[in-house]
Amino acid sequence: MPASAAEQLLDHYDCHARSLPWRSMPGDAPPEPYHVWLSEVMLQQTTVATVKPRFRRFIERWPTVEALAAAPDEEVLHEWAGLGYYARARNLIACARTVAARGDFPRTESELRKLPGLGDYTAAAVAAIAFGERAIVVDTNVARVIARVYGLRKPLAEARKEIRELADRMTPDRRPGDFAQAMMDLGATICRPRNPGCGNCPLASGCMARDSGTPESFPAPKAKPERPKRYGVAWWFERDGAIWLTRRPERGMLGGMAALPGPEWNLDRLPTPSLALVSHGFTHFTLDLGVIHRFGTPDGEGWWQPLERIGEAGLPTLYRRAVEEVIARKDDLAA
DNA sequence: AAAGCGTGGTA
DNA sequence: TTACCAAGCTT
């Protein structure tokens, strides 16, 4: 790769639309560390299109990290509902409180790395983008771009160290944050996993994957683990137009989120009589959840949520869809 | 270190 | 419709 590759990439980047809400033009003051941190955490395993509106709502509701730190856990989890990977929201709360207590964000990658929810990628991204540190930012986009430019066929998991060394070699002293974002934009919009757009790529010259004629075959795809099926039930207690909701345990699936009550999802098969059935794909299994009408009084902790305001309950997608399904059935019956 | 952890878009 | 995949982190 020519020494000017980083410059070519940055030139290309400067000429194209900025995709993130807090993005600044070259020469502008660096973006708020709070904004960079929040968006980078949201962007973990989550698309820009999904994050954009959610990010705006967050900073409108909590304009500073101090405001976020002062918010009750429930409100933050509620605002996160639907975004997935809910451990991120719990770490977000812990991190905001740590930062508020110490007065500001740490300004170096190594100190940022100690905060909850900031791993290698996010610590480097915040250090580079918010503070201008020459941190080595490697996400899956960057790894794919490098694997192609240097013709690495191994699966990314095996090429980690090599890719990191190459990324270090590529990263410029100036504008390391813009460079990181330019690499990620390139991976997201041009050097895509499938159907890469080599014709528009600023790094096409000298790219070994492109020269091979089959750029999409770099790097090798990772083996896919099979996704087993699980079954479970949830209970529908209804009284005066309200249903009984509970909060899930802090740890584990949908940790800390609002939910329909019910036992663990460990059935061999689904019991037949149910108000509704939803099938939901999680990361490592698929769940068929039956909703069963129950009478009497629910036990344990929980609250009556009026169905008219079910949208305000902060339900994760599985339960939101289950409730929608039950309501749709009832409407059918009434019609 | 391998597995657990959501969801929505795209082909 | 299924399969793949996304600005990863934690234990």
Side-chain angles (χ1 to χ4, degrees), chain A residues 18-23 31 35-55 77 80-92 94-95 112-130 135-145 156-158 160 167 177-189 191-196 216 219 221-230 248-257 259 265 278-287 289 315-321:
Chain A
R18 310 312 178 90
S19 52
L20 296 184
W22 44 259
R23 289 284 303 285
H35 292 179
V36 178
W37 162 71
L38 178 60
S39 62
E40 289 300 338
V41 171
M42 285 185 164
L43 284 163
Q44 292 166 4
Q45 301 286 277
T46 308
T47 58
V48 171
T50 300
V51 164
K52 264 187 172 175
R54 306 300 297 264
F55 172 81
L77 292 172
W80 197 274
L83 271 176
Y85 287 124
Y86 297 98
R88 289 186 296 171
R90 301 193 295 272
N91 287 330
L92 192 79
C95 183
L112 287 160
R113 182 64 178 78
K114 298 174 184 168
L115 294 170
L118 279 82
D120 291 341
Y121 163 74
T122 308
V126 174
I129 297 167
I136 310 308
V137 181
V138 181
D139 74 329
T140 69
N141 287 307
V142 175
R144 182 174 57 256
V145 170
L156 291 181
E158 295 171 30
R160 273 183 75 92
D178 285 343
F179 173 76
Q181 291 173 89
M183 287 285 278
M184 293 190 278
D185 272 3
L186 186 69
T189 62
C191 195
R192 299 174 291 256
R194 288 172 291 192
N195 189 23
E216 67 282 357
K222 61 181 168 205
K224 49 151 194 177
E226 71 172 277
R227 207 158 61 158
K229 196 141 185 139
R230 292 195 202 169
R248 292 183 59 84
E250 286 294 312
R251 300 265 168 197
M253 295 293 302
L254 309 177
M257 301 302 291
W265 307 322
V278 292
S279 189
H280 190 75
F282 289 108
T283 305
H284 54 294
F285 64 92
T286 297
L287 176 70
L289 183 75
L315 289 171
T317 299
L318 166 69
Y319 292 113
R320 181 177 55 74
R321 291 195 8 222

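The figures that follow rest on heavy atoms only: side chains count, while hydrogens, waters and symmetry mates do not. Letters go in sequence order (proteins before strands), and every chain restarts at 1. Quick caveat: nothing in here was measured; it's all calculated off a predicted structure.
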Take A:I129 and A:V137, measure what side chain to side chain contact (heavy atoms under 4.5 Å, CB included) needs, and give me the verdict at the end. CA-CA 10 Å; A:I129 297 167; A:V137 181; over 6 Å; no
Just do the side chain to side chain contact (heavy atoms under 4.5 Å, CB included) check on A:M257 and A:L77 with the steps written out, would you? CA-CA 7 Å; A:M257 301 302 291; A:L77 292 172; 4.1 Å; yes
A:N91 vs A:R88, side chain to side chain contact (heavy atoms under 4.5 Å, CB included): CA-CA, chis, key distance, verdict: CA-CA 5 Å; A:N91 287 330; A:R88 289 186 296 171; 5.8 Å; no
Does the pair A:S279 and A:T286 meet the rule for a side chain to side chain contact (heavy atoms under 4.5 Å, CB included), with working shown? CA-CA 7 Å; A:S279 189; A:T286 297; 3.8 Å; yes
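Nucleotides B:dG6 and C:dC5 place their C1' atoms 13 Å apart, quoted to the nearest Å. Rounded to the nearest Å, the gap between the P atom of C:dA7 and that of B:dA11 is 14 Å. Comparing the same atom, C1', in B:dA1 and in C:dC9 gives a spacing of 14 Å after rounding to whole Å.
Atom CG of A:L186 is separated from atom P of C:dA7 by 12 Å (rounded to the nearest Å). Rounding to whole angstrom units, CG of residue A:D178 and P of C:dA7 are separated by 18 Å. Following rounding to the nearest Å, A:E40 (CD) and C:dG8 (P) show an atom-to-atom distance of 9 Å. Summarising the geometry, the separation between CG on A:N195 and P on C:dC4 is reported as 18 Å, rounded to the nearest angstrom. Atom CD of A:E226 is separated from atom P of C:dC4 by 13 Å (rounded to the nearest Å). Spacing between atom CD of A:Q181 and atom P of C:dA7 amounts to 13 Å, rounded to whole angstrom units. The interatomic distance linking A:D185 (CG) with C:dA7 (C1') rounds to 9 Å, in whole Å. The nearest whole Å value for the distance from the CG atom in A:L43 to the C1' atom in C:dC5 is 15 Å.
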Once each nucleotide of nucleotides 4-10 of chain B is scored for protein heavy atoms under 4.0 Å, what B/S/- sequence comes out, 5' to 3'? SBBBS--
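Counting any heavy atom pair closer than 4.0 Å across all strands shown, A:P116 reaches sugar-phosphate atoms only and no base atom. Residue A:D120 is in sugar-phosphate contact alone, with no base atom involved, counting any heavy-atom pair closer than 4.0 Å across all strands shown.
In this structure, the side chains of A:V51 and A:V48 stay at 4.5 Å or more apart for every pair of heavy atoms.
Here A:F282 pairs with A:W265, A:H280, A:F285 under the ring-ring contact (aromatic ring centres under 6.0 Å, His included) rule; sequence neighbours left out.
Between A:K224 and A:N91, the residue whose closest nucleotide on DNA chain C is further toward the 5' end is A:K224. Between A:R144 and A:T122, the residue anchored closer to the 5' end of DNA chain C is A:R144, taking for each the nucleotide with the nearest heavy atom.
Applying the 6.0 Å contact sphere to CZ of A:R160 captures no more than 12 heavy atoms from other residues, nucleotides or ligands.
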